[in-house]
Visitor: 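Here you go, one structure.
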Amino acid sequence: MELLEKLSVLADAAKYDAACTSSGVKRGFQPGRIGNTSSSVAGCCHSFSADGRCITLLKVLMTNYCVYDCKYCVNRRSNDTRRAAFTSRELAELTIGFYRRNYIEGLFLSSGVLRNPDYTTEHMISALRILREEYRFNGYIHAKAIPGSSPELIHQMGLLADRISVNIELPSEEGLTRLAPDKKLSGILDPMSQIRDSVFQSKAETSKYRHAPSFAPAGQSTQLIIGATQDSDKKILDLTQSLYRRYRLKRVFYSAYVPVVSNPLLPSADTKPPLLREHRLYQADWLLRFYGFKAEELLTDDQPDFNPLLDPKCNWAVNHLDQFPVEIMRADFESLVRVPGIGVLSAKRILSARKVSSLNADDLKKLGVVMKRAQYFITCRGKMLPGLRFSPGTLVRQLETAEKKDIPSRALDQLSLFDQTG
Ligand code: SF4
């Protein structure tokens, strides 16, 4: 098969992998090396930098041959699909060629399991080694560790990549057993522990010794498929929280399940990907990482799924009306950021602006507060917004109506999916 044909097969096969955004790694130009990484343009697949530029990683599989048979995957061994495999040199030359032509700013490399996890990982390491050592490539590399690979190979991979990740794929062990019978939870969690410890150790060594080898300086991430099983949003969010806490992950990525194969264990082939649900989970993830929320505050056993028509902070607030309204002129930072429509930045602005003047609704808008949400949950100098009419019984409907205007009709069409996927 011609190289470009391989590229078309293996780039297409990689499109379901979502775990591919900013790395945060900053590494300037080094004499004798090609490329750099910058936190402002860091390793995004078709993303936009602060100055509006579209930035790109070459996102490919080493091979889409796979000896595993994960039911949800287009590359599973029992699926009749076109197969290809790069040699290590082909992949390295393709990457450096694209980099020199300014098509890409880095590489995102994953793979199907060729023969066994160790054989595949050796193949990937060999490509990364040619890139780093022969071509002196200094740009961003995100490599997927193959579950079940030996610790020694994972270590070698981490010394060559900026970010390394192991996909957890499904929210429960039961789902994994049913839909990915060749994968073992321990084959996913053990490498995560190893990567956490190696990143920690490497940070300590590089801060002491300038030339100490750096292990995955952008840390590790993982990906969860949403909607392939009946797992609730609560199950997913609880898992996310424990992954952040136990394995110090930089990111958990959520990937709406796209039906590519028919199987009685999966949602039907005409099911649309639950993109709005994926979006709500990303919003909730943000609340865990930056707003001090805990998973158990956002969802409960009685309410295990988000209302898709409300953002998760609104969803929490309407269920905790006893904590509102919040007085804008007196509330502390922690209370302000819990108000729907007030973000971290606008809360900081409120804290400084209220030192010099009394704030009203117009001032809050200027400070970046989204008043269509916040108005129901705040007072300014003890008073709610003049003319505002609502009761606890009508509040959810009023917020949903306001929120609906921001949801693309394409996503609203998918709401029926929530009934099918829990
Ligand atoms: S291991 Fe499973 S998810 Fe990965 S490529 Fe093979 S079949 Fe697909």
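Counting starts at 1 for both ligands and their atoms, following the listed order.
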Visitor: Less than 4.0 angstrom from a charged side-chain N to a carboxylate O is my criterion; do K71 and E169 meet it?
Guide: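 Between E169 and K71 there is no salt bridge, as every charged N stays at least 4.0 Å from the carboxylate O atoms.
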Visitor: Could you list all the salt bridge (charged side-chain N to carboxylate O under 4.0 Å, His left out) pairs where at least one residue sits in residues 152-161, not counting sequence neighbours?
Guide: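 Residue pairs passing salt bridge (charged side-chain N to carboxylate O under 4.0 Å, His left out), neighbours aside: none found.
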Visitor: As an exercise, state the distance from CD1 of I342 to CG of L367, rounded to the nearest 0.5 Å.
Guide: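 One gets 9.5 Å once the value is rounded to the nearest 0.5 Å.
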Visitor: Out of F377, F306, F293, which residue meets the ring pair (Phe, Tyr, Trp, His ring centres under 6.0 Å) rule with W316?
Guide: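 Passing option: F293.
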Visitor: Return the set of residues passing side-chain contact (heavy atoms from CB on, under 4.5 Å) with E334 (not counting sequence neighbours), or none when no residue passes.
Guide: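 Only D332 meet the side-chain contact (heavy atoms from CB on, under 4.5 Å) criterion with E334.
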Visitor: Give me the protein N, O or S atoms that fall under 2.8 Å of atom 2 (Fe) of ligand 1, sorted by chain and residue number.
Guide: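 Listed by chain and number, the nearby protein N, O or S atoms are C70 SG.
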Visitor: The criterion is side-chain contact (heavy atoms from CB on, under 4.5 Å); which residues satisfy it with D197, sequence neighbours excluded?
Guide: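 Here no residue qualifies.
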